[in-house]
Amino acid sequence: MSEKTIKTSSGIEIKEVYTESKSIELPGKFPFTRGIQNDMYRGKMWTMRQYAGFSTASESNKRYHYLLSQGTTGLSVAFDLPTQIGYDSDHMMSEGEVGKVGVAIDSLKDMEILFDGIDLQKVSSSMTINATAPILLAMYICLAKKQGADLKLISGTIQNDILKEYAARGTYIYPPKASMRLITDIFEFCSVELPKWNTISISGYHIREAGATAVQELAFTLANGKAYLQAAIQKGLDINVFAKRLSFFFNCHNNFFEEIAKFRAARRMWAKLTQSLGATDPAAQKLRFHTQTGGSTLTAQQPLNNVIRVSNQAMAAVLGGTQSLHTNGYDEALSLPTEAAAKVALRTQQIIAFESGVTDTVDPLAGSYFVEALTDEVEAAAWRYIDIIDSKGGSVAAIEEGYIQNEIAASAYQYQTEIESGESIVVGVNKYIDEEGVKPEGFRVDDSIRNLQIDKLIQLRADRDALAVENALLELSRAVKNGLNTMPFIIKAVEVYATLGEIADTFRREFGEY
């Protein structure tokens with residue numbers, strides 16, 4: 001036997017050989033380790049989403065129509081930084097950022113352009129938005145109503161996961177308790193008005209991108225999920241109703257089997273967690289998740305190598321039982337993905353789905369001595385973290401103390417140290433290096449986009465009913481003060497073309513900034 005010690009990214013030691021497995025579970029049955037549906041991809045393929053959004057609403061709309069024409073089965077919207085943190089494009093804080101990392105949305109007018117020619121009743125949309133999630137959701141609802149859609153049939157997801165923003169990503173606006181109130185307002189409103197809408201996508205993706213290990217990503221994400229469950233229960237909501245519309249968003253990194261084990265453990269842990277908090281309906285115990293391949297694993301050096309990385313990660317996500325998948329473009333370490341890179345990324349999913357044979361049976365790796373053992377070890381390690389977080393008073397308290405942030409930072413530092421020492425190999429970066437690397441032409445967004453958005457805002461303010469906007473924002477302020485559900489009041493403000501920044505500022509005045 002070899003004396004060499006091999007460990008996963010989370011420090012779990014890998015044995016040279018595994019010789020036993022106790023798995024006798026069935027897919028579609030509690031605790032759903034093997035998948036949340038009896039037939040999985042034999043019955044319904046995962047949703048193929050490609051994350052896109054840049055420049056203006058009209059430019060992004062063209063990319064959405066292109067992706068739909070190429071076989072994308074769901075849209076995933078990226079918003080620019082000002083939109084994410086509640087500033088209109090003409091705000092001084094927006095300078096240099098308008099349309100850069102996503103599409104600029106200042107008002108319902110932009111949302112109308114963004115989805116022009118797209119039937120919201122037929123296409124599922126995912127929106128990566130957190131602090132301003134209630135406002136963007138309100139815009140989507142107003143647009144659906146304008147299209148004459150039945151809101152009971154509208155499906156999609158808003159990320160709406162503010163806790164991971166405090167822990168890992170940084171696009172928060174308001175203090176944690178105020179943010180949690182807005183999230184539970186959305187839970188309450190959508191459980192009645194938009195029953196098919198996923199009201200939150202509890203996100204491990206950005207936790208992992210910040211440097212967490214697979215186990216940390218799993219543990220911190222589920223701990224945040226537990227905090228959202230408890231906040232909603234405290235508000236008087238029924239876990240058997242609202243928990244059915246919670247979804248998750250995970251990263252898929254390079255360690256093939258550890259990632260598969262992570263997804264299998266996640267389902268099992270969430271089933272146990274929801275059951276412990278009173279969920280008796282199996283639909284409220286099921287963990288449904290979207291996966292995106294690992295952005296931080298992409299290299300600017302030898303970018304075509306990223307095609308292989310993305311294929312490896314996408315295959316792990318599928319074997320792990322994802323419900324929805326985004327594959328990154330090979331050029332994303334350099335810029336927003338070009339159209340050519342986006343097409344290769346989509347084709348990667350389609351080839352896995354229709355040519356590889358891995359979708360022919362449910363959870364084909366079940367019973368593997370290695371996969372079953374690793375699933376158990378990942379779960380046990382994640383519970384240890386959750387126990388520590390619980391002992392500190394839960395996720396909000398652990399974030400306020402800095403515990404979660406410090407754990408992520410320590411893992412990120414260790415990983416970087418391993419790359420620099422050569423202990424961890426990254427092909428093309430610290431081994432098998434090309435001195436004359438060829439870099440593809442990157443995708444660039446022109447700074448003049450901000451001027452276009454400012455001109456549109458000037459026109460919007462000239463055309464709209466200023467008194468109606470003022471009254472709608474006053475009503476929203478009163479709703480906040482009186483503890484009312486804010487969603488109907490946000491929708492009223494959006495309908496009269498109040499801007500995203502004006503609505504966000506109304507909350508800033510009431511809640512303060514964090």
Side-chain angles (χ1 to χ4, degrees), residues 10 85 130-131 133-134 159-188 199-237 239 242-243 246-250 265-266 269-270 272-279 287 379-413 480 483 507-508 510-514:
S10 305
I85 52 177
N130 296 285
Q159 194 162 98
N160 197 27
D161 174 10
I162 206 66
L163 291 179
K164 68 94 177 49
E165 295 297 327
Y166 299 115
R169 190 163 172 265
T171 65
Y172 49 78
I173 304 173
Y174 318 113
K177 286 187 174 64
S179 295
M180 292 293 274
R181 174 189 165 180
L182 292 177
I183 287 167
T184 53
D185 280 357
I186 291 171
F187 289 178
E188 184 178 49
T199 50
I200 193 167
S201 178
I202 304 160
S203 176
Y205 186 84
H206 304 98
I207 291 170
R208 192 64 177 280
E209 290 292 283
T213 65
V215 164
Q216 287 173 334
E217 177 194 1
L218 174 58
F220 299 157
T221 304
L222 294 192
N224 287 348
K226 184 177 181 180
Y228 293 126
L229 290 174
Q230 290 170 326
I233 291 166
Q234 201 170 2
K235 196 180 174 100
L237 303 183
I239 191 171
F242 77 82
L246 307 188
S247 65
F248 286 80
F249 173 26
F250 287 113
M269 292 175 73
W270 187 246
K272 293 174 184 175
L273 214 157
T274 51
Q275 186 184 60
S276 74
L277 290 173
L287 181 143
E379 179 185 6
W383 281 126
R384 286 194 288 273
Y385 266 117
I386 290 174
D387 288 342
I388 292 169
I389 291 166
D390 284 346
S391 74
K392 295 177 180 296
S395 270
V396 176
I399 288 165
E400 288 175 339
E401 182 188 312
Y403 169 74
I404 290 175
Q405 298 93 308
N406 290 340
E407 288 294 306
I408 295 169
S411 294
Y413 177 76
V480 174
F507 286 124
R508 281 186 176 96
E510 298 301 330
F511 294 142
E513 290 190 81
Y514 186 70

Exercise. Rounded to the nearest 0.5 Å, how far apart are CD of Gln159 and OH of Tyr205?
Worked result: 10.5 Å
Seminar exercise, completed: Across all chains, not counting sequence neighbours, the side-chain contact (heavy atoms from CB on, under 4.5 Å) partners of Ala210 are Ala168, Ile408
Problem set entry | Between CD1 on residue Ile233 and OG1 on residue Thr184, distance to nearest 0.5 Å | 12.0 Å
For this session: Taking side-chain contact (heavy atoms from CB on, under 4.5 Å) as the test, write out the residues that go with Ala382, two or more places apart.
Result: Val215, Leu218, Ala219, Met269
Problem set entry | Nearest-0.5 Å distance that lies between atom CD1 in Ile239 and atom CD in Gln275 | 10.5 Å
Problem set entry | Side-chain donor/acceptor of Thr199 to backbone N/O of Leu246, under 3.5 Å | no
Problem set entry | side chain to side chain donor-acceptor pair (under 3.5 Å) partners for Ser395, two or more places apart | Asn224
Seminar exercise, completed: Across all chains, not counting sequence neighbours, the side chain to side chain donor-acceptor pair (under 3.5 Å) partners of Ser10 are Glu258
Problem set entry | Between CZ on residue Phe249 and NZ on residue Lys164, distance to nearest 0.5 Å | 8.5 Å
For this session: Search all heavy atoms of Ala167 against all heavy atoms of Ile404 and return the closest pair with its distance.
Result: CB-CG2, 3.9 Å
For this session: For residues Leu287 and Phe250, determine if any side-chain heavy atom of one lies less than 4.5 Å from a side-chain heavy atom of the other.
Result: yes
For this session: Heavy atoms only: give me the nearest Ile389-Ala223 pair and the separation to one decimal.
Result: CD1-CB, 3.8 Å
Problem set entry | Closest contact, heavy atoms only, Ile202 versus Gly225 | CD1-CA, 3.7 Å
Seminar exercise, completed: Residues passing the side chain to side chain donor-acceptor pair (under 3.5 Å) test with Asp161, sequence neighbours excluded, are Tyr228
Problem set entry | Partners passing side chain to side chain donor-acceptor pair (under 3.5 Å) against Thr221 (at least two apart in sequence or in another chain) | none
Problem set entry | Pairing residues for Arg508 by the salt bridge (Lys or Arg N to Asp or Glu O under 4.0 Å) criterion, not counting sequence neighbours | Asp505, Glu513
For this session: Output the distance between atom OG (Ser411) and atom CG (Asn406), rounded to the nearest 0.5 Å.
Result: 11.0 Å
Exercise. Does any non-hydrogen side-chain atom of Leu222 lie less than 4.5 Å from one of Trp270?
Worked result: yes
Compile the donor-acceptor pairs under 3.5 Å between side chains in residues 175-182 and protein atoms, sequence neighbours left out, one pair per line.
{"unit_1": "Ser179", "atom_1": "OG", "unit_2": "Tyr166", "atom_2": "OH", "d": "2.8"}
{"unit_1": "Ser179", "atom_1": "OG", "unit_2": "Tyr174", "atom_2": "O", "d": "3.4"}
{"unit_1": "Ser179", "atom_1": "OG", "unit_2": "Pro175", "atom_2": "O", "d": "3.2"}
{"unit_1": "Arg181", "atom_1": "NH1", "unit_2": "Val480", "atom_2": "O", "d": "2.9"}
{"unit_1": "Arg181", "atom_1": "NH2", "unit_2": "Ala479", "atom_2": "O", "d": "3.4"}
{"unit_1": "Arg181", "atom_1": "NH2", "unit_2": "Leu484", "atom_2": "O", "d": "2.8"}

Exercise. If you take all heavy atoms of Ile399 and Leu163, which pair is closest and at what distance?
Worked result: CD1-O, 3.4 Å
Exercise. Do Leu273 and Leu229 come close enough that some side-chain heavy atom pair is under 4.5 Å?
Worked result: yes
For this session: Using side-chain contact (heavy atoms from CB on, under 4.5 Å) as the criterion, list what pairs up with Glu407, not counting sequence neighbours.
Result: Gln216, Phe220, Tyr385, Tyr403
For this session: Hey, could you give me each pair passing salt bridge (charged side-chain N to carboxylate O under 4.0 Å, His left out) that has a residue in residues 207-231? Not counting sequence neighbours.
Result: Arg208-Glu217, Arg208-Glu259, Glu217-Lys262, Lys226-Asp390
